[in-house]
A.B. asks: 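A single structure is presented below for examination.
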2 protein chains.
Amino acid sequence: MASGKKSVRSGFGATMSEVAERAGVTKMTVSRVVRHPEKVNPETRDRVTAAMAALGYVPNRLAGGLSAGSSGLVAAIVPTLRHSIFADTLEGIGDVLNEAGLGLFVSSSTYRSDVEESQIRSILERRPDALVLTGLTHTGATRELLRGFGIPVVETWETGDEPVDMAVGFSNREAAHAMTAELIRSGYRRIAFVNGPSESNERARHRAEGYLAAMREAGLPAPPIQIVNDEAAIRPETGARAIRLLMKSAPDVDAVFFTSDVFAVGAILACRELGVRVPEDMGIAGFHDLEIGRVVSPTLTTVHVPAMEMGRKAGHMILARLAGNRGASERYDLGFSIISRESTRRKH
Amino acid sequence: MASGKKSVRSGFGATMSEVAERAGVTKMTVSRVVRHPEKVNPETRDRVTAAMAALGYVPNRLAGGLSAGSSGLVAAIVPTLRHSIFADTLEGIGDVLNEAGLGLFVSSSTYRSDVEESQIRSILERRPDALVLTGLTHTGATRELLRGFGIPVVETWETGDEPVDMAVGFSNREAAHAMTAELIRSGYRRIAFVNGPSESNERARHRAEGYLAAMREAGLPAPPIQIVNDEAAIRPETGARAIRLLMKSAPDVDAVFFTSDVFAVGAILACRELGVRVPEDMGIAGFHDLEIGRVVSPTLTTVHVPAMEMGRKAGHMILARLAGNRGASERYDLGFSIISRESTRRKH
DNA sequence: GTGATTTATGATACCGATAACACAGGGGAG
DNA sequence: CTCCCCTGTGTTATCGGTATCATAAATCAC
């Protein structure tokens, strides 16, 4: 009822003009009080401030942004919000940006680059000041669109290749290589690898490459790679199913490296049920270093990734760029670390 | 370099006027093609569509929103993005809203209502079409601000009291009551309660009330309630520390009810270290039904909350309201359920 | 065949702010 | 005592769209 069709104003607070009128100045002066208070005479400023308070004035950034050509919004697209895998990255971005008065606009692409493309399209309609993406895999149209728009873009969670603009991440290939080498060092030989669908993102592909390279370097044959294809089924049960299949199809496997802790934890539980001892009969390793891997028993060996740090760095890179600091290094490799826990600690 | 100070246009695509010129029409016709294609002659429409494609036109919603009086944005504030406690709710909101073409603007309040207030203030500057909050605890200024603005507001994760506008949640009081009763039914008698700081939100307070009521009804004395005050330290270690303190200060405690699985899981690990058997010597119960509680051993008894469902429902409530359907029920109790697992399964 | 409708498009005014420049008054330099 | 510059505020144009009403052409009824 209150929200008639005609008026934008229904229910909304005062406009800048109304504040101006009440304070006996023009809206330009009000605008200055809001954005450059030091340029306004203290007495005038007080009068304006009082008028704003009295009217409950809340500036309209749609209008301000339209006029100034900046929305004060940074958009981020992550594959999913669940499992805090990427949520930590978002927290990092948000922390940094909020301090600078920028807002964070979030959407999740469900791991699909076509979804990502349509999301980017609708995000660009809001004229964000910058964009944060996950990974380097984007459709051709996406890359073109982004280049055309010319706003800062930070790709996260991977390094290398050719970023659209800036990138902050770590080498998924090296991480998988290091973990595989760690398993080999622990005495495992028939090491299987369970991956998410690698067509959909380069992180999965690079991890597979790292795994294969490490096996090859050690002169070990790589048991068939198992691909978990269930869409969006990032659940422990998926890992449990994978390891059961694996043990059936390749009974001599003595370790499995999963590309997510979520899967690995499910595998540990499945092993317990099946009476397979971890780490003695079967080594299990994961990826991401989620809390879940610290509380399962045996505790999970995993790859720690700098999730929040990537977010914070992305935020800082954006701020620097918006402040005009082009140049400087715009690609960061934040590294990773291997967390060795009980699930691969073979008692020789 | 490309982004000069003066021009909004640098690097950005064409404007509606440019599209119009190229198609030999006025921008009004272009606007119609974008929003009400059926009202435009098919031939004209094709010409306009072609012009848009040729110029890579991306509409500017800041401008459209300013003119039309709606930003197409819904803002949500959650205490944190970590642990997927609230992330699931966000996914639910996002799912529903995205389909309707609305964007989701996210921020996290770190469990503080003063932070929430300042965030709401800056969020309102973006003139969201609706707002989703977590819980019913807000500062007076917040409530006033929201009422003044008159946009739909959905409060989630709790029911009862007086919502600012609409609410969807469950009864934290009843949930805690039910869990406490469940512990009593399982044979525990000296049941302690570990809570987050209850001044900061009503969920914690209501849970404490539910616990106390259940104990009183069973004629049991309530051991001192332990408050976890560490700011933002929602980590298993916090729960571990809490139960160690508790066992020292009240050695006869035979069960502990934590208001988060994160704490409860830490307690289970601490018990294992201390040689305290769970569930025989000590029952442990949590809240939230996180994945972490399903993989710990013994598995964790907990309260399942409809996190994603609340989000979806909130989304639908907003859509209904925006579509003009005022009235109808605007308060929903989505319930909870007690998930009884090993951590309280006493073998009598 | 003429007036009444409908369909398709244009003209105008505005949404609520900001940028850029104009301008009045006060203070210091010479 | 001028001239010049600085400070503080107002004026004007514009950002990129949308709402509303006007208008021309096409369709219709009788």
Side-chain angles (χ1 to χ4, degrees), chain A residues 3-21 23-48 51-52 55 57-72 124-127 129 149, chain B residues 3-21 23-48 51-52 55 57-72 124-127 129 149:
Chain A
S3 64
K5 283 195 95 170
K6 176 161 185 191
S7 170
V8 188
R9 306 280 318 296
S10 52
F12 288 76
T15 69
M16 198 169 254
S17 297
E18 290 167 348
V19 173
E21 189 178 4
V25 296
T26 57
K27 57 181 178 174
M28 203 54 237
T29 300
V30 178
S31 174
R32 289 194 187 99
V33 171
V34 173
R35 308 186 326 137
H36 310 288
E38 77 286 356
K39 292 191 177 173
V40 177
N41 181 304
E43 285 174 33
T44 317
R45 195 195 304 155
D46 290 347
R47 235 173 339 126
V48 171
M52 295 197 297
L55 294 171
Y57 173 66
V58 177
N60 183 334
R61 280 186 89 144
L62 293 179
L66 173 60
S67 182
S70 131
S71 60
L124 288 179
E125 297 186 358
R126 299 183 192 283
R127 299 295 188 268
D129 291 346
F149 253 72
Chain B
S3 63
K5 284 194 96 170
K6 175 162 186 187
S7 171
V8 187
R9 306 281 318 295
S10 53
F12 286 76
T15 70
M16 198 169 252
S17 296
E18 289 168 348
V19 173
E21 190 178 2
V25 295
T26 57
K27 58 181 179 173
M28 202 54 238
T29 300
V30 178
S31 174
R32 287 193 186 99
V33 171
V34 173
R35 309 185 324 136
H36 311 288
E38 75 286 356
K39 291 189 176 174
V40 177
N41 181 305
E43 286 173 32
T44 316
R45 194 195 306 153
D46 290 347
R47 235 173 339 126
V48 171
M52 293 197 299
L55 295 171
Y57 174 65
V58 178
N60 183 333
R61 281 185 88 144
L62 292 179
L66 173 60
S67 183
S70 129
S71 61
L124 288 178
E125 297 185 356
R126 299 181 193 282
R127 298 295 187 269
D129 291 346
F149 252 71

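Order of the sequence lines sets the chain letters (A, B, ...), proteins ahead of strands, with each chain counted from 1.
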A.B. asks: Restricting to non-hydrogen atoms, name the atom on B:Ala20 and the atom on B:Thr26 that form the minimum distance, rounded to 0.1 Å.
C.D. replies: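 Nearest pair, atom of B:Ala20 first, then B:Thr26: CB-C, 3.4 Å.
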A.B. asks: Heavy atoms from C-beta onward define the side chain here; which of C:dA17, C:dA19, D:dG17 lies closest to that of A:Arg35?
C.D. replies: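 Selected nucleotide (nearest to the side chain): C:dA19.
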A.B. asks: Could you pick out which residue, A:His36 or B:Ala63, lies toward the 5' side of DNA chain C when each is mapped onto its nearest nucleotide?
C.D. replies: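 Closer to the 5' end of DNA chain C: B:Ala63.
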A.B. asks: Can you tell me how far P of C:dC15 sits from CD of B:Glu125, to the nearest Å?
C.D. replies: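 Roughly 20 Å, once rounded to whole Å.
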A.B. asks: State, to 0.1 Å, how close A:Gly72 and A:Asp129 come at their nearest heavy-atom pair, and which atoms those are.
C.D. replies: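 Closest pair (atom of A:Gly72, atom of A:Asp129, distance): N-OD2, 3.0 Å.
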A.B. asks: What heavy-atom pair brings A:Ala14 and A:Val19 nearest, and what distance separates the two atoms?
C.D. replies: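 Heavy atoms of A:Ala14 and A:Val19 come nearest at CB-CG2, 4.5 Å.
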A.B. asks: Determine, step by step, whether B:Arg127 and A:Val58 satisfy the side chain to side chain contact (heavy atoms under 4.5 Å, CB included) criterion, reporting the C-alpha distance in whole Å, the side-chain angles of both residues, the deciding distance to 0.1 Å, and the verdict.
C.D. replies: CA-CA 9 Å; B:Arg127 298 295 187 269; A:Val58 177; 3.6 Å; yes
A.B. asks: Over the length of the helix from C:dG1-D:dC30 to C:dG30-D:dC1, how much do the five-pair end axes diverge, rounded to 10 degrees?
C.D. replies: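 About 30°, once rounded to a multiple of 10°.
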A.B. asks: May I ask you to test the B:Val30-B:Val25 pair for a side-chain heavy-atom distance under 4.5 Å?
C.D. replies: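 In short, these two side chains touch, coming nearer than 4.5 Å.
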A.B. asks: In whole angstroms, how far is the P atom of C:dC15 from the CD atom of A:Glu18?
C.D. replies: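 Between P of C:dC15 and CD of A:Glu18: 10 Å.
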A.B. asks: Whole angstrom is fine here: how far is it from CZ in B:Arg61 over to P in D:dG17?
C.D. replies: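 One finds 12 Å between P of D:dG17 and CZ of B:Arg61, rounded.
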A.B. asks: Using side chain to side chain contact (heavy atoms under 4.5 Å, CB included) as the criterion, list what pairs up with A:Arg126, not counting sequence neighbours.
C.D. replies: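 Residues passing side chain to side chain contact (heavy atoms under 4.5 Å, CB included) with A:Arg126: A:Leu73, A:Phe105, B:Arg61, B:Leu73.
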A.B. asks: Hey, what do you get for CD (A:Glu125) to OG (A:Ser71), rounding to the nearest 0.5 Å?
C.D. replies: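 Answer for the CD-OG pair, A:Glu125 versus A:Ser71, is 13.0 Å.
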A.B. asks: Taking only the side-chain nitrogens and oxygens of A:Tyr57, find out if one of them lies under 4.0 Å from OP1 or OP2 of C:dG16.
C.D. replies: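 False: A:Tyr57 side-chain N/O out of range (4.0 Å or more) of C:dG16 OP1/OP2.
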A.B. asks: Of all of residues 38-48 of chain B, which get a heavy atom below 4.0 angstrom from DNA chain C, listed by number?
C.D. replies: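 DNA chain C contact set from residues 38-48 of chain B: B:Val40, B:Asn41, B:Thr44.
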A.B. asks: Just jot down the side chain to side chain contact (heavy atoms under 4.5 Å, CB included) partners of A:Asn41, sequence neighbours excluded, or say none.
C.D. replies: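 Side chain to side chain contact (heavy atoms under 4.5 Å, CB included) check on A:Asn41 returns A:Glu43, A:Thr44.
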A.B. asks: What integer distance in Å separates A:Asn60:CG from D:dC15:C1'?
C.D. replies: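 Result: 13 Å.
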A.B. asks: Check whether more than 12 heavy atoms from other residues, nucleotides or ligands sit under 6.0 Å from atom CD of A:Glu21, and answer yes or no.
C.D. replies: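 Counting neighbours around CD of A:Glu21, 12 or fewer heavy atoms of other residues, nucleotides or ligands fall under 6.0 Å, so no.
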A.B. asks: With B:Arg32, which residues qualify under side chain to side chain contact (heavy atoms under 4.5 Å, CB included), at least two apart?
C.D. replies: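 Scan of B:Arg32 (side chain to side chain contact (heavy atoms under 4.5 Å, CB included), adjacent residues dropped) gives B:Met28, B:Thr29, B:Val40.
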A.B. asks: Please state how far atom CG in B:Leu62 lies from atom P in D:dT18, giving the value in whole angstrom units.
C.D. replies: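 Distance, rounded to whole Å: 12 Å.
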A.B. asks: What protein N or O atoms touch nucleotides 10-14 of chain D N or O atoms at under 3.5 angstrom, if any, and at what distances?
C.D. replies:
from   : atom 1 : to      : atom 2 : distance (Å)
D:dG10 : OP2    : A:Thr26 : N      : 3.1
D:dG10 : OP2    : A:Thr26 : OG1    : 3.0
D:dG10 : OP2    : A:Thr29 : OG1    : 2.6
D:dG10 : O6     : A:Arg32 : NH2    : 2.7

A.B. asks: From CG of B:Leu66 over to P of D:dC15, roughly how many Å is that when rounded to an integer?
C.D. replies: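 Rounded to the whole Å, the gap is 14 Å.
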A.B. asks: Output the distance between atom CZ (B:Arg45) and atom CD (B:Glu38), rounded to the nearest 0.5 Å.
C.D. replies: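 CD of B:Glu38 is found 8.0 Å from CZ of B:Arg45.
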